[in-house]
Amino acid sequence: DMPKNRFYCHQAANLVLFVGQEPNLRWQSFGECIFRLARNVGVSRILFVGSFGGSVPHTREPRLYVTCSEEKLVAQMESYGVRRTGYEGPGSFSSYLMTGAPSVGLEMTSLVAEIPGYLQGTNPLSIEAVTRRLAKILQLPLDLDALRVASTEWELQVTSEIDEDEDLAAKVRQLETEYDN
């Protein structure tokens with residue numbers, strides 16, 4: 001299947017959503033398309049949402065980090081309980097957009113969740129944490145009950161499976177101690 005990229009619009013909330021995959025090639029062309037659409041529909045700020053594998057245990061609230069195209073946005077985002085990232089490393093498509101956004105008159109914020117690096121697949125706990133924060137940032141009333149239930153069920157299932165592997169269980173306990181301290 002070819003990658004799918006879709007835009008959704010919610011006029012009442014003055015919100016455009018883009019759900020898609022980061023391109024592997026032609027970042028400039030892809031970015032120009034996103035910026036052009038943003039200009040055409042009156043978008044003033046892009047809010048990228050993503051995740052990265054880190055040292056957070058699955059039994060703890062994921063840490064959320066922010067990068068902003070303008071310094072004035074950092075304090076605003078920190079008021080929502082996210083941390084400024086200290087990431088230094090290879091660029092990504094979102095960092096490419098972040099660099100280009102001011103030159104086309106857009107603000108950009110990147111909000112990423114640190115997810116357990118030892119797990120693969122969908123992580124409802126992180127999705128819940130990010131969605132809860134986005135609801136506050138975007139001032140959207142969202143019912144997160146189903147997501148909370150899925151998060152709890154996921155955590156119990158993962159914990160049960162990890163408890164069967166002594167080495168992995170010990171590693172998770174170590175991560176919990178480091179996270180708590």
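Worth saying up front: this structure is predicted, and the values here are computed from it rather than measured.
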| task | Start with the C-alpha gap between Leu73 and Arg45, add the side-chain angles, then the distance that decides, and say whether side chain to side chain contact (heavy atoms under 4.5 Å, CB included) holds. | result | CA-CA 10 Å; Leu73 299 173; Arg45 181 182 296 173; 3.0 Å; yes
| query | Where do Met108 and Ser94 come nearest, in terms of heavy atoms and distance? | reply | CE-O, 3.6 Å
| remark: Tracing side-chain contacts under 4.5 Å among Ile, Leu, Val, Met, Phe, Trp and Tyr outward from Leu25 reaches none
| said: Could you work out, with salt bridge (charged side-chain N to carboxylate O under 4.0 Å, His left out) as the rule, every residue matching Glu178, not counting sequence neighbours? | reply: none
| Check ion pair Arg84-Glu71 (N to O, under 4.0 angstrom) | yes
| Non-neighbouring partners of Val19 that pass side chain to side chain contact (heavy atoms under 4.5 Å, CB included), sequence neighbours left out | Tyr8
| Would a hydrophobic clustering, with Ile, Leu, Val, Met, Phe, Trp and Tyr connected at side-chain separations under 4.5 Å, put Val49 with Phe52? | no
| query | Mind checking what makes ring pair (Phe, Tyr, Trp, His ring centres under 6.0 Å) contact with Phe48, not counting sequence neighbours? | reply | none
| query | Short question: side chain of Ser160, backbone of Leu156 - any donor-acceptor pair under 3.5 Å? | reply | no
| said: Glu128: which residues meet the side-chain hydrogen bond (donor to acceptor under 3.5 Å, both in side chains) condition with it, sequence neighbours left out? | reply: Ser151
| said: Would you say CD of Glu78 has more than 12 non-hydrogen atoms from neighbouring residues, nucleotides or ligands within 6.0 angstrom? | reply: yes
| task | Return the set of residues passing side chain to side chain contact (heavy atoms under 4.5 Å, CB included) with Pro23 (not counting sequence neighbours), or none when no residue passes. | result | Trp27, Phe30, Phe93
| message | If hydrophobic clusters are built from ILVMFWY residues whose side chains come within less than 4.5 Å, do Val112 and Met77 share one? | response | no
| task | Write down the atom of Ser126, the atom of Ile115, and the distance for their closest heavy-atom approach. | result | OG-CG2, 3.0 Å
| request: Check which hydrophobic residues are tied to Leu168 through side-chain heavy-atom contacts below 4.5 Å, counting indirect links as well, and list them. | output: Tyr118, Leu119, Leu125, Trp154, Val158, Ile162, Val172, Leu175
| request: Could you grab the distance from atom CZ of Arg36 to atom CZ of Arg39, nearest 0.5 Å is fine? | output: 7.0 Å
| query | Taking all atoms of both residues into account, what is the closest heavy-atom pair of Val130 and Ala113, and its distance? | reply | CG2-CB, 3.6 Å
Please output the side-chain donor-acceptor pairs of residues 135-150 that fall under 3.5 Å, not counting sequence neighbours, one pair per line with the distance.
{"residue": "Asp143", "atom": "OD1", "partner": "Asp145", "partner atom": "N", "Å": "3.0"}
{"residue": "Asp145", "atom": "OD1", "partner": "Arg148", "partner atom": "NH1", "Å": "3.3"}

| query | Val56 and Glu114: which non-hydrogen atoms are nearest, and at how many Å? | reply | CG1-O, 3.0 Å
| request: Identify, with sequence neighbours excluded, every residue that meets ring pair (Phe, Tyr, Trp, His ring centres under 6.0 Å) alongside Phe7. | output: Phe18
| message | Holding to side chain to side chain contact (heavy atoms under 4.5 Å, CB included), I want the full list of residues that pass it with Thr159, two or more places apart in sequence or in another chain. | response | His58, Thr59, Glu155, Asp163
| query | In terms of hydrophobic clustering (I, L, V, M, F, W, Y; side-chain heavy atoms under 4.5 Å; direct or indirect links), are Leu111 and Ile34 co-clustered? | reply | no
| Same hydrophobic cluster for Val16 and Leu106, using side-chain heavy-atom links shorter than 4.5 Å among ILVMFWY? | yes
| query | Would His10 and Leu17 satisfy side chain to side chain contact (heavy atoms under 4.5 Å, CB included), going step by step from the backbone distance to the final call? | reply | CA-CA 8 Å; His10 189 280; Leu17 298 173; over 6 Å; no
| task | Of all the heavy-atom pairs spanning Cys68 and Met98, show the shortest one and how long it is. | result | C-SD, 3.4 Å
| said: Any salt bridge linking Arg132 with Glu61? Criterion: basic side-chain nitrogen under 4.0 Å from a carboxylate oxygen. | reply: yes
| query | Under 3.5 Å, is there a donor-acceptor pair between the side chain of Arg133 and the main chain of Gly81? | reply | yes
| query | Nearest heavy-atom pair of Gln21 and Asn5: which atoms, and what distance? | reply | N-OD1, 2.9 Å
| note | Tyr96 meets the ring pair (Phe, Tyr, Trp, His ring centres under 6.0 Å) criterion, sequence neighbours left out, with none
| task | Mind checking side-chain hydrogen bond (donor to acceptor under 3.5 Å, both in side chains) for Arg60 and listing every partner two or more places apart, or none if nothing turns up? | result | Asp180
